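I have placed the structure first, in the form of structure tokens, so that the comments after it can refer back to it.
Just so it is clear, the model here is predicted, and its values are computed rather than measured.
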Amino acid sequence: MTTHSQLLTDPFLQMPAENSVRVVWFTEFAGSRHTVIYGKDLDHEVIATTTQLSRTREDSRSQVKGQTKDNPIFTQPTRRNIWRHEAKIENLIPGEKLPYSVASVREDGEKIESGVFTLAPAPSGKQALKILLTSDHQLMPMTAANLEKVIETVGKVDAVFHAGDLVNIPDRASEWFDDDRGGAFFPCLQGRARYELEKNNVKTFYKGGELIQHAPLFTTIGNHEVMGRFSMESSLNEQLYDAYPRTAAQQLGQNADETLLKNNSFNTDTYEEIFTLPESAEGGKKYYAVTFGDVRLVVPFITNVWRVESLNADAKGRYREREQDFNNPAAWGYGQHIFEPIIKGSVQYNWLEKELNSPEFKQAKYKVVMFHHPPHTLGGNIVPAYTDPVQMIEHNSEGNIQAIRYEYPKDADYIIRDIVPLLEAAGVQLVFYGHSHLWNRFVDSQGIHFLETSNVGNSYGAAVEENPRKVPVGYQEDYAATGNPNGLEPVMPTIAPILDENGQPVPYIASNDLTVFSILDTGASVVSSYYFDTRLPQSNVVKFDEFKLGVPAINQQ
């Protein structure tokens, strides 16, 4: 897997501050010297600090060059050595962009240099910004096309806000860097992808967009950033879905130290090692808040493990355990358990309440909250409610387990019951999220805009009458098969809604042919959404929705 003559990624920008910004890149060699040169004449140099990623691996399902099902290179999870380089560029002037480049020197003396890009510190509050709102890339088929059209439509953006699910398997290195299909995470966001998309027997290659070399990336933890129980034997896919509650791991005595506890429950180590993000005292990189220009961005950690909807006897699912596991609690999935508590009174809830009452938040012109799990959506992943699963074990007359079920009381949905009232009281203008791979938006009675703009790769459809969710029948809760279970009706796009097969406009885009991106323009105080029809590679991008932030909801229905 060693690449001898190139960097594993272009450099990208992280954590801009008033007079500084971080430059980060990756290689497959430790090297002897890694530097950033910058300045109008590229005459300043900073030496980078190097660390090695601790959990990046490949396995038999990795899409790496030369590996096939019949000829696997990796028969089981295998460590892949990757080094991360970071330099802090200081004494910068807000509003002034400077050219920069990075170089890494291998142990054998070979010097490898990047192209020349631009950097800047955090913008001032007066600077008009264009911010890309995106999520759920996951190496999906239309992601490279989506990001290529961002550049073609609005040019270079000032920041990227990503609402989670960056890749599919966070410990699989190739998904971040060099998946052989050409659509890995960093190449797509750096204009270095080569993804072949075939529509109507026409093949088109998309390269993504040169975005994060010039604009800082702010990310959110989605369910695909969380690895489950660690193993060097079971596949990385199996490990992703083998997340186990921390409390259950502790009860099994698997908590001798923090590493052991993570290895026997779940972790976000690779995500945290890859990115340099603002940190909170309570949550570190997992949840944070940051000021960027006149935007105050608040990023809670709101996601749970994804389980199948199936009620079959062999389903380790949302609503039941597998029959074969009834007497083996170590093999239970515990339903769609929540990774980080957000219930009222929890550490994270108290942090969020404090943040929403901070001077930085109150004084911000734009108040934006970003997390992964949807509070309102027509998508499938909003059901069941976002709450701790209630385990119900049924025994027969002989005392043997005959069923283990999970219920999710709708009136205990932590986002709707506990978090949304906080956001309303604080005057939040935009709540941005993903998870369901579609576009739809909502406005509540307090004027909060709820935007899900995650139809960048593939969609699993909207839960309408012809495509209902798979929900259990006969459980104590009434699980919504269609629509938004939390009450708000979706807003019809204001400019050019797409039409259904009967020629009627619909308030969503859930398509495997149309890909969507959204731009927050702070100069105009608007959020605009665009779609591109990948069946027509030469067609123009269409702006189909736009709304203003801060305008009362009644004026935007």
Side-chain angles (χ1 to χ4, degrees), residues 1-15 20-58 62-67 73-74 77-92 97-120 171-180 182 184-194 207-208 210-214 216-217 269-270 272-276:
M1 294 302 301
T2 301
T3 302
H4 290 283
S5 59
Q6 65 183 40
L7 306 175
L8 195 53
T9 65
D10 269 350
F12 62 100
L13 303 182
Q14 293 274 264
M15 210 163 80
S20 66
V21 70
R22 312 292 180 94
V23 175
V24 176
W25 70 103
F26 293 87
T27 63
E28 282 196 275
F29 53 85
S32 60
R33 181 179 172 87
H34 305 274
T35 56
V36 179
I37 56 171
Y38 71 99
K40 293 179 180 179
D41 299 314
L42 294 175
D43 54 354
H44 292 72
E45 181 180 78
V46 176
I47 298 175
T49 299
T50 295
T51 56
Q52 187 173 6
L53 302 186
S54 66
R55 291 180 182 254
T56 44
R57 293 166 287 166
E58 304 290 358
S62 294
Q63 299 286 326
V64 295
K65 189 173 184 179
Q67 173 154 282
I73 297 173
F74 305 103
T78 303
R79 176 80 179 270
R80 184 170 172 190
N81 294 319
I82 292 172
W83 285 265
R84 180 185 192 271
H85 316 288
E86 176 180 319
K88 184 177 182 181
I89 313 303
E90 300 182 282
N91 301 315
L92 302 175
K97 285 185 175 291
L98 295 175
Y100 78 99
S101 177
V102 305
S104 290
V105 178
R106 290 176 46 81
E107 292 87 343
D108 61 8
E110 180 184 0
K111 184 177 183 180
I112 306 168
E113 299 175 301
S114 75
V116 178
F117 309 105
T118 57
L119 57 75
D171 280 6
R172 183 175 286 136
S174 50
E175 293 200 12
W176 293 103
F177 304 112
D178 55 2
D179 185 282
D180 199 43
F185 178 77
F186 283 108
C188 280
L189 280 164
Q190 296 187 321
R192 299 169 55 248
R194 182 173 169 78
K207 63 181 180 180
E210 188 179 299
L211 295 161
I212 59 175
Q213 295 99 319
H214 307 271
L217 171 64
D269 285 9
T270 295
E272 293 185 68
E273 290 175 3
I274 285 177
F275 297 106
T276 296

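- Listed here is the closest heavy atom pair of P11 and S114: CD-CB, 3.8 Å.
- Take D10 and apply the salt bridge (Lys or Arg N to Asp or Glu O under 4.0 Å) test, not counting sequence neighbours, and it matches no residue.
- Side chains of S174 and E58: a donor on one and an acceptor on the other come within 3.5 Å.
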* When you look at V102 and H34, which way does the side chain to side chain contact (heavy atoms under 4.5 Å, CB included) test go after all the steps? -> CA-CA 7 Å; V102 305; H34 305 274; over 6 Å; no
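- Every residue meeting the salt bridge (Lys or Arg N to Asp or Glu O under 4.0 Å) condition with R57, not counting sequence neighbours, appears here in chain and number order: D171.
- Judged by distance alone, the side chain of Q14 and the main-chain N or O of L217 form a donor-acceptor pair under 3.5 Å.
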Determine whether W25 and S104 satisfy the following criterion, side-chain hydrogen bond (donor to acceptor under 3.5 Å, both in side chains), listing intermediate values before the conclusion. CA-CA 10 Å; W25 70 103; S104 290; 2.8 Å; yes
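- Looking at Y100 and L13, their side chains come closer than 4.5 Å, going by heavy atoms from C-beta outward.
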From CA spacing to verdict: side chain to side chain contact (heavy atoms under 4.5 Å, CB included), Q190, T9:
CA-CA 8 Å; Q190 296 187 321; T9 65; 3.8 Å; yes
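- The distance from atom CD1 of I37 to atom CD of E113, rounded to the nearest 0.5 Å, is 6.5 Å.
- Using a 4.5 Å cut-off on side-chain heavy atoms (C-beta onward), T51 and E273 make no contact.
- Here the closest non-hydrogen pair linking A193 and G208 is CB-N, 4.3 Å.
- Taken from CD in Q213 to CG in L119, the straight-line distance is 12.0 Å, to the nearest 0.5 Å.
- In terms of the side chain to side chain donor-acceptor pair (under 3.5 Å) criterion, W176 has no residue partners (sequence neighbours excluded).
- Of the residues K65, R80, R172, the one that meets the salt bridge (Lys or Arg N to Asp or Glu O under 4.0 Å) test with D178 is R80.
- Here the OG-NZ distance, from S32 to K111, works out to 10.5 Å after rounding to the nearest 0.5 Å.
- The distance from the CG atom of L53 to the CD1 atom of I82 is 6.0 Å, given to the nearest 0.5 Å.
- Interatomic distance, T276 OG1 to R22 CZ, rounded to the nearest 0.5 Å: 6.0 Å.
- I274 is listed as a side-chain neighbour of F186, based on a closest heavy-atom distance under 4.5 Å.
- Residue pairs that meet the side-chain hydrogen bond (donor to acceptor under 3.5 Å, both in side chains) test with at least one member in residues 35-49, sequence neighbours left out, are R33-E45.
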**OP:** Start with the C-alpha distance between Q52 and W83, add both sets of side-chain angles, then the distance that settles side chain to side chain contact (heavy atoms under 4.5 Å, CB included), and finish with yes or no.
**Re:** CA-CA 4 Å; Q52 187 173 6; W83 285 265; 3.6 Å; yes
- Task: Quick one: do V23 and V46 satisfy side chain to side chain contact (heavy atoms under 4.5 Å, CB included)? Show the steps, please.
- Result: CA-CA 10 Å; V23 175; V46 176; over 6 Å; no
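- Taking all atoms of both residues into account, the shortest heavy-atom contact from A120 to L92 is C-CD1, 4.3 Å.
- Q67 places a side-chain N or O within donor-acceptor distance of the main-chain N or O of S62, the cut-off being under 3.5 Å.
- For the atom pair OG1 of T56 and CG of N81, the computed distance is 7.5 Å after rounding to the nearest 0.5 Å.
- For K97, there are no salt bridge (Lys or Arg N to Asp or Glu O under 4.0 Å) partners, not counting sequence neighbours.
- The shortest side-chain heavy-atom distance between F26 and R84 falls under the 4.5 Å cut-off.
- Take E210 and apply the salt bridge (Lys or Arg N to Asp or Glu O under 4.0 Å) test, not counting sequence neighbours, and it matches no residue.
- The 12-atom threshold is not exceeded at CZ of R194, counting heavy atoms of other residues, nucleotides or ligands nearer than 6.0 Å.
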